[in-house]
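Read the structure below first, then the notes.
None of these values were measured; they are calculated from a predicted model.
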Amino acid sequence: MADPALVWFRDDYRISDNPALTAAAATGAPILCFFIFDESSQGIRPLGEASGWWLHGSLSALDSDLRALGSKLFLFRGSASEIVSRIAAVTHASSIFWNRRYEAAEIALDTGIKKDLVERGITVQTFNGKLLHEPWEIKNQAGKPFQVFTPYLRAVSMRSVAPPLPAPRTITAGRWPADLLDSSVALDDLALEPSRPNWAKGFAAEWNPGEQSARRKLADFLNTELPGYARQRDFPGKDSTSRLSPHLRFGETSPRQIWHASTVRNDGQESDTAKFLSEVVWRDFCYQQLFHNPNLATAPFNSRFGRFRWAADKDALAAWQKGRTGYPIVDAGMRQLWQAGWMHNRVRMIVGSFLVKHLLTDWRQGEAWFWDTLLDADPANNAFNWQWVAGSGPDAAPFYRIFNPIAQGEKFDPNGAYIRAYVPELAGLPGSAIHRPWEASKEILGPAGIELGSTYPRPIVNHEQARERALHAFRMLRAEA
Ligand code: FAD
């Protein structure tokens with residue numbers, strides 16, 4: 001048998017539009033597909049627990065899809081550089097293929113591995129499998145990366161997006177040498193799913209990881225929710241967004257596939273399509289920012305915010321995490337996150353603003369909680385959006401623009417349908433009272449079975465006072481500059 005070609009899967013758990021897999025299959029060599037669970041390489045952030053749940057499902061689905069093509073996914077655990085080096089040596093591979101990553105620690109790791117392999121005479125081919133355009137491709141007229149989204153979007157709209165690749169029809173599977181097989185691990189051995197407690201129990205009712213499920217979800221979204229997306233996407237009580245984010249995070253679908261599936265339509269939904277695709281471009285923009293600012297999750301982009309005087313109120317943080325702040329829209333969002341591993345975008349902005357401004361809590365605490373509890377926890381999207389909310393990021397919402405959680409709830413969840421779904425103890429309240437139960441009379445609270453401070457918390461902060469405190473803290477920051 002000819003020397004095999006290796007395909008290393010990393011956050012690209014799909015067989016269609018997977019340029020690394022397609023290129024490997026095109027060599028005609030026998031293919032060995034593998035994944036490495038690496039918690040040891042320096043600087044690579046460990047997965048959050050919710051992401052672990054999704055990854056488990058993703059790897060299982062990819063293995064099934066590869067088996068249908070005549071191949072299989074082998075799993076390893078440990079230092080990626082040591083394992084790749086060993087696989088290449090023991091299998092006598094002539095080439096290796098992977099799709100590129102964009103976090104600094106991952107780039108450093110991949111660069112080192114590539115150098116080692118090339119020195120040993122192994123061909124290394126790498127591809128863009130994750131983004132519409134890679135972070136160094138889109139530049140402003142001065143040749144610099146864009147810092148503002150609107151001109152970035154304009155620049156993207158002038159370029160074409162490469163068409164997605166079909167899945168290979170078959171793959172000639174290579175044979176793994178016995179001693180490598182001995183060091184491979186079973187999926188369950190990776191212990192990716194949360195245990196003690198298994199708080200992910202509810203996820204399976206709402207989510208189904210894997211490429212086939214992503215494909216169905218995209219098709220359903222384009223047929224049913226895309227019409228009206230631009231108008232409806234801000235209303236959390238309506239199921240009006242694609243919910244593709246975890247599938248995109250784990251590369252079960254590609255932005256190229258989404259782009260082309262959306263733009264072939266020509267049915268009067270162009271403004272909805274443009275809005276939807278602009279969100280997918282935001283994702284690229286977040287990656288561009290992460291690539292050029294590797295510390296996006298840990299350091300404020302605007303360094304002035306490094307001196308911000310955050311309050312370190314552990315009880316307030318815990319109330320926020322548990323969805324017990326006394327502000328119904330905030331609590332509904334935080335409970336949706338805990339139950340479903342996902343939160344609607346509008347509500348992410350509301351709970352983020354509440355944590356950073358009403359509770360004066362460092363945005364990094366929110367970023368970390370989302371990192372652990374979101375199924376779509378993404379190194380670029382999460383860090384960028386938290387800095388956007390906090391006002392410290394590139395092209396961010398100004399700090400002094402403070403979301404009023406009551407007005408936001410009344411505007412975007414007017415009848416309280418979303419609140420009723422996630423804060424059942426308030427379900428008996430009429431729409432007129434559900435966003436401010438502390439103002440409701442006993443005659444309204446009593447029949448709804450609500451005793452404030454007992455069945456549902458009173459607000460942990462007063463909105464107006466919290467707003468003033470946040471603005472004062474911001475003024476102090478400016479005065480010190
Ligand atoms: P749709 O509206 O259907 O959009 C389609 C796709 O576009 C999404 O799947 C997503 O990949 C991308 N997208 C949409 N909005 C944004 C955005 N604001 N920034 C970047 N990409 C976007 N998104 C993540 O994928 N992972 C995260 O960890 C994450 N953390 C966030 C934290 C905060 C504080 C905020 C305010 C937003 C965060 N987002 C994150 C962005 C956004 O909330 C989600 O991408 C979106 O809610 C996913 O739902 P959807 O797939 O139905 O989106």
*Would you please say whether a donor-acceptor pair under 3.5 Å links the side chains of E134 and Y102?*
yes
*Those residues that, when tested against R364, pass side-chain hydrogen bond (donor to acceptor under 3.5 Å, both in side chains) (two or more places apart)*: D362
*Flag this pair as yes if the NZ/CZ of R348 is under 6.0 angstrom from the six-membered ring centre of W342 and inside a 45 degree cone about the axis; otherwise no.*
yes
_Is the distance from the ring center of F291 to that of W136 below 6.0 Å?_
yes
*Distance only, no hydrogens: is a donor on one side chain within 3.5 Å (strictly under) of an acceptor on the other, for D331 and T325?*
yes
*Counting only heavy atoms not in R309, do more than 12 fall under 6.0 Å of its CZ?*
no
_When you measure from the centre of the six-membered ring of W54, is the NZ or CZ of R249 closer than 6.0 Å and no more than 45° off the axis?_
no
*asked:* Quick one about R120 and S85 (side-chain donor to acceptor, distance below 3.5 Å, no hydrogens or angles considered), yes or no?
replied: yes
*Looking at W8, does the NZ or CZ of R101 lie under 6.0 angstrom from its six-membered ring centre and within 45 degrees of the ring axis?*
yes
_Suppose we call two aromatic rings close when their centres sit under 6.0 Å apart. Are Y418 and Y422 close by that rule?_
yes
_Do Q257 and R215 pair up side chain to side chain, a donor and an acceptor below 3.5 Å, judged on atom types alone?_
no
*asked:* Tell me if a side-chain donor or acceptor on K357 pairs with a main-chain N or O of F399 at a distance below 3.5 Å.
replied: yes
_Heavy-atom donor-acceptor pair, T111 side chain to I107 backbone, under 3.5 Å_ = yes
_Test ring pair (Phe, Tyr, Trp, His ring centres under 6.0 Å) applied to F285 - qualifying residues, sequence neighbours left out_ = F149, Y152, W282, F384
